[in-house]
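Predicted model only: the values in this text are computed from it and were never measured. First listed ligand is number 1; within each ligand, the first listed atom is number 1.
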Amino acid sequence: MRDAAPKTIYLKDYTPFGYMIDAVELTFRLDPTATRVLSRIAFRPNPDASDNRFFLYGENLKLISATIDGNPVDLRAVDDGIEADVPDAPFVWEAEVEINPQANTALEGLYMSNGMYCTQCEPEGFRKITYYPDRPDVMATFDVRIESDLPVMLSNGNPGTVGEGFAEWSDPWPKPAYLFALVAGDLVAHPDQFTTSSGTDVSLNIWVRPGDENKCAFGMEALKKSMSWDEEVYGREYDLNTFNIVAVDDFNMGAMENKGLNIFNSSAVLASPETSTDVNFQRIEAIIAHEYFHNWTGNRITCRDWFQLCLKEGLTVFRDAQFTSDVRSEPVKRIQDVIDLRGRQFPEDNGPLSHPVRPESFQEINNFYTATVYEKGAEVIGMLKRLVGDAAYAEALELYFARHDGQACTIEDWLAVFQDVTGRDLTQFKRWYSQSGTPRLAVEESFADGTYTLTFTQSTPSTPGQPDKAPQVIPVAVGLLGQNGDEVVPTQVLEMTEATQSFTFENLPSKPVASILRGFSAPVILERSTQAAERAFLLAHDTDPFNRWEAGRSLASETLIAMATEDAAPDAAYLDGILAVLRDDGLDPAYRALMLGLPGQSELAGALHERGITPDPMAIWQAIETMKQAMAQTAQDTLPRIYADMQIDGEYRPDAEQSGKRALSGGALALMSRQDGGAQAAAQYGQADNMTQQLSALACLLSAGKGADQLAAFYDQWQDDRLVIDKWFMLQITQASPDAAVETARRLTEHADFNWKNPNRFRAVFGALSMNHAGFHNADGSGYALLADWLIKLNPVNPQTTARMCSAFQTWRRYDADRQALIKVQLDRIADTPDLSRDVAEMITRIRGA
Ligand code: B3K
Ligand code: ZN
């Protein structure tokens with residue numbers, strides 16, 4: 001609940017804790033409403049600390065008893081926990097507390113989901129389990145005993161004694177409390193095993209509810225692939241004899257990397273061809289890899305304080321992206337990541353929630369698990385690698401692991417290994433961690449006497465708390481193409497450090513065409529006044545696959561913006577260029593499918609705002625509709641052939657090759673449905689034996705205003721599969737026409753299956769509503785009001801999921817005065833809600849702005 005005056009925590013105020021911990025012993029006597037937690041913690045004074053106040057965090061705990069060295073202790077209740085006077089020598093703290101897992105709807109700490117006990121402690125959930133110095137720089141070994149009559153009882157580390165009604169676990173690796181985990185329930189395992197490169201056998205298990213055993217095989221393969229990859233690429237081996245993954249239905253995010261006991265949202269691990277799409281499979285593979293990779297980047301080397309979150313998250317996202325590129329397709333993964341960055345991170349970086357990759361203050365740290373910390377954090381590492389080169393990157397990482405294993409570190413420690421390996425001064429580069437906002441990179445070109453000059457100017461607009469920006473180090477990967485499409489200068493990385501800087505290329509026979517920011521070499525907005533003809537040339541000829549896609553994307557944006565603002569017709573050069581790519585059977589189908597995609601409505605709204613034009617959501621929606629119609633018409637002779645060519649005989653495999661074909665056939669089907677009234681989609685729906693094709697057919701039908709029968713049949717077929725029913729909720733809203741979206745969402749909130757306390761279901765409805773851009777921004781404000789009603793309702797139940805969903809309002813200043821006024825009413829209404837959680841209060845305050 002809200003503090004009287006919300007407290008702001010600052011990076012600059014960091015001080016080490018006054019005590020160190022030698023060992024933690026915990027006993028859990030599980031009970032749904034009255035679980036007892038007994039702790040025995042061996043403390044000793046920290047020689048590096050100047051403040052020796054003994055303070056333990058604790059939240060919602062009923063204290064039963066507490067002693068120090070066996071003697072009763074006088075505790076003083078203070079903000080967020082308790083204080084006591086302690087000996088100036090090693091001592092043992094023992095306490096017993098009672099907690100109520102069943103009442104814990106916030107899903108932080110120890111809670112229950114479908115009769116199973118589970119935990120989520122990152123970042124500050126352990127304090128809801130027992131009194132503890134719940135901060136990441138306090139690391140300790142944990143021995144855990146769980147008592148209950150449930151058949152499966154799990155915790156971190158290696159298994160110990162198991163007996164009637166109890167199980168013991170022991171984690172030999174010192175860890176912060178946020179990595180603690182406990183699971184108990186009626187679960188079944190999908191078992192396997194892995195032998196590490198140095199010969200240790202590790203038993204692997206994915207634990208699920210009975211009935212879900214047949215959805216674990218893919219996740220298990222992904223886990224083994226991740227384990228091998230981390231050995232091969234980073235030289236990192238697993239370090240326990242057991243690795244457990246548990247699937248949980250009620251979970252606030254994707255998954256959690258608890259030491260040896262990863263806990264997953266069931267949507268991020270359970271998969272089968274019948275119930276999961278190719279996109280689901282790829283996401284599951286990436287999340288399994290991500291959580292596994294945290295074992296080294298996060299667990300063995302953790303964060304000193306939560307301001308350093310990007311130290312583990314940026315690096316681990318970077319590593320999981322490398323993994324996906326390696327096991328799938330590098331250009332496809334890069335394009336997907338840039339679409340995601342522009343869709344989620346750019347709006348954050350350029351709006352009221354803008355914050356540095358390493359924030360300097362927060363009220364509620366849960367609000368900083370953001371696209372900026374994660375995805376921009378990963379981009380920063382990609383730039384560093386590009387600047388120092390692959391070999392130096394590898395050497396720096398070796399040094400990082402050798403020097404910091406077992407420590408809680410900072411960004412300074414991270415950059416120091418690169419400085420030490422390369423001798424490079426990274427002072428200016430470090431601005432990527434402290435300066436918020438997306439840099440704009442303007443380009444001018446000139447050509448005379450065989451010399452081609454590129455002049456770049458960088459600038460970053462003001463962001464909250466940061467009126468002035470200094471130049472950043474921007475690696476700009478550039479290649480030059482000759483007039484016939486040959487590469488006359490292969491990719492090289494220009495290192496931009498000044499506000500304005502020129503680079504020259506000599507001895508060129510004629511004016512080249514520059515391919516700039518290849519591979520999206522820096523997370524910036526490129527401002528280039530290129531002619532459409534030049535973009536079309538790059539779309540046809542660029543040898544860099546990312547920039548070839550980018551050329552099509554920017555042509556599409558330009559024409560869609562002209563269509564939305566000036567009633568222009570679709571650009572023929574774009575249509576011809578895309579048609580040529582579509583017909584090029586030499587290109588990877590997954591890549592062609594991405595080429596067929598158009599920028600999203602919200603991305604276009606952002607692009608208009610960037611140019612000082614107020615976006616009209618309906619005009620944007622109409623422009624996209626018109627464009628799709630034009631694409632369908634231009635390609636009408638080609639689409640049926642592509643669709644037929646992409647059909648797959650034989651067993652379903654969710655690999656890059658097959659999923660690429662299904663992505664392209666799905667793209668073709670969506671356009672064909674505009675010409676054939678949905679006939680082919682209805683046929684595909686009838687024959688589909690996998691969720692990818694079933695769902696893509698249903699989407700085509702719904703967006704054509706058809707498919708009522710199929711929608712009902714879909715529900716009947718899948719009503720017992722919660723993850724598929726999430727898709728059923730979501731699809732109806734994302735595919736609704738703008739005038740029907742809000743009403744569809746509202747109607748679905750009345751459905752018997754709208755279990756709003758389940759984060760997946762809540763997001764299926766309200767995430768989908770905010771994704772339906774023109775629908776959400778309905779001029780009557782009904783979308784804003786509906787979302788606000790439900791945020792107010794969810795706030796006391798689950799602050800974290802509520803706060804996250806508030807970001808649907810973060811772009812509100814882009815829109816016209818009427819819409820802004822309508823949104824402001826809702827923001828004020830949320831802000832005035834009694835007992836607003838700290839999470840939501842902070843989000844709304846930031847979104848409303850000064
Ligand atoms: N580290 C967790 C995220 C915890 C989020 C808490 N609000 C998952 C991950 O990034 O791997
Ligand atoms: Zn992570």
Task: I830 side chain near F809 side chain, heavy-atom distance below 4.5 Å - done: yes
- [ ] Please report the number of protein N, O or S atoms that lie less than 2.8 Å from the Zn ion (ligand 2).
- [x] 3
- [ ] State yes or no: are the ring centers of Y117 and F28 separated by less than 6.0 Å?
- [x] no
Task: Qualifying residue for salt bridge (Lys or Arg N to Asp or Glu O under 4.0 Å) with E379, from R334, R342, R386 - done: R334
Open item on the list: I'd like the contact residues of ligand 1, where contact means a heavy atom below 4.0 Å.
Closed with: E122, P123, M253, A255, M256, E257, H290, E291, H294, K312, E313, N366, Y369, Y374, Q800
- [ ] Look at R344 together with E375 and state whether they make a salt bridge at an N to O cut-off of under 4.0 Å.
- [x] yes
TODO: In plain terms, say whether K128 and D134 are close enough for a salt bridge, that is, a side-chain N and a carboxylate O under 4.0 Å apart.
DONE: no
TODO: Taking only Lys NZ, Arg NE, NH1 and NH2, and the carboxylate oxygens of Asp or Glu, determine whether D212 and R722 approach each other closer than 4.0 Å.
DONE: yes
Task: Residue among W306, Y10, F307 satisfying ring-ring contact (aromatic ring centres under 6.0 Å, His included) with F362 - done: F307
Task: Polar side-chain atom of E364 near backbone of N366 as donor-acceptor pair, under 3.5 Å - done: yes
Open item on the list: Between the side chains of R403 and D413, is the shortest nitrogen-to-carboxylate-oxygen separation below 4.0 Å, so that they form an ion pair?
Closed with: no
